[in-house]
Amino acid sequence: MSTAIEETLVLVKPDGVARSLTGEILRRIEAKGYSLVDIRLVQAERSLLAEHYAEHEGKPFYEPLVEFMESGPIVAIRVAGNRVIEGFRVLAGTTDPTTAAPGTIRGDFGRDWGLRVQQNLVHGSDSPESAERELKLWFS
Ligand code: DAT
Ligand code: MG
């Protein structure tokens, strides 16, 4: 018996797109063995970002975060594979790019730019509930 194949939402954030790292990020997802199911380039509306980041409303980095995510195109990707939600979070590395482990996307390509929000190249859903909710927002 095998477990159900999961799906997650990955976003290449505006800094990743602007730095031409989309291909490298897709390469790492594919090299790990996960499947790309759907992909789109999106200039996100504020209302979509407010829903996407609703859990962070009221935090000091919330406004800068939404402004950053509005600042340029985002690549949204539906990715599938067993335990892909957890697996992509490991590929991405921890939130703070300064201390994210080398070998991870954030650790290899991210740094602190002295801004009010960390620019860390990618988003990955953090639970099955988040993945379901976020995939509906970005692919509907
Ligand atoms: P993650 O993207 O690792 O799931 P999160 O959901 O806690 O992290 O936060 C969303 C984004 O907000 C994160 O990718 C970068 C930014 N961020 C989080 N905590 C921050 C902080 N304390 N200071 C500045 N930016 C922060
Ligand atoms: Mg998060």
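Atoms within each ligand, like the ligands themselves, are counted from 1 in listed order. Count residues from 1 along the sequence.
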Worksheet item: Is ligand 1 under 4.0 Å from a heavy atom in the side chain of Met69, in the backbone, in both, or in neither?
Response: neither

Worksheet entry | Closest to atom 26 (C) of ligand 1 (judged by heavy-atom distance), picking from Phe68, Phe61, Tyr53 | Phe61

Worksheet item: Is there side-chain contact between Lys32 and Leu91, with heavy atoms separated by less than 4.5 Å?
Response: yes

Worksheet item: For ligand 1, does Arg116 get within less than 4.0 Å through its side chain, its backbone, both, or neither, judged by non-hydrogen atoms?
Response: backbone

Practice prompt. Would you mind running through ligand 1 and noting each atom that sits below 4.0 Å from a heavy atom of Asn120?
Written response: 13 (C), 14 (O), 15 (C)

Discussion item. If the threshold is 4.0 Å, N to carboxylate O, is there a salt bridge linking Glu24 and Arg27?
Written reply: yes

Worksheet entry | Part of Arg106 within contact of ligand 1 (heavy atoms, under 4.0 Å) | side chain

Practice prompt. Flag the pair Arg133 and Glu129 as a salt bridge only when some basic side-chain nitrogen lies within less than 4.0 angstrom of an acidic carboxylate oxygen.
Written response: no

Worksheet item: Does Lys13, backbone or side chain, put an N or O under 3.5 Å from an N or O of ligand 1?
Response: yes

Discussion item. Among all the protein's non-hydrogen atoms, which is closest to atom 1 (P) of ligand 1, and how far away is it?
Written reply: Thr95 OG1, 3.6 Å

Worksheet item: Which protein non-hydrogen atom lies closest to atom 6 (O) of ligand 1, naming both residue and atom, and how far is it?
Response: His56 NE2, 2.8 Å

Fill in: atom 25 (N) of ligand 1 [closest protein heavy-atom partner, distance rounded to 0.1 Å]
Gln118 N, 3.1 Å

Item to complete: Find the distance between CE (Met69) and CD (Gln119) and round it off to the nearest 0.5 Å.
Response: 10.5 Å

Worksheet item: At what distance, to the nearest 0.5 angstrom, does CD1 of Ile74 lie from CZ of Phe68?
Response: 8.0 Å

Discussion item. Whether Arg83 and Glu6 form a salt bridge (side-chain N of Lys/Arg under 4.0 Å from carboxylate O of Asp/Glu) is what I want to check.
Written reply: no

Fill in: Note: Asp108-Arg28 ion pair, threshold 4.0 Å (strictly below)
yes

Item to complete: Please determine if Arg78 and Glu132 form a salt bridge, counting it only when a charged side-chain N lies under 4.0 Å from a carboxylate O.
Response: no

Discussion item. Quick test: of every protein heavy atom, which one is nearest to atom 4 (O) of ligand 1, and how far off is it to 0.1 Å?
Written reply: Arg89 NH1, 2.8 Å

Worksheet item: Taking N or O atoms only and a 3.5 Å limit, does Glu55 qualify as a polar contact for ligand 1?
Response: no

Discussion item. So if I count the atoms of ligand 1 from 1 in the order they appear, which ones are less than 4.0 Å from some heavy atom of Val117?
Written reply: 16 (C), 24 (C), 25 (N)

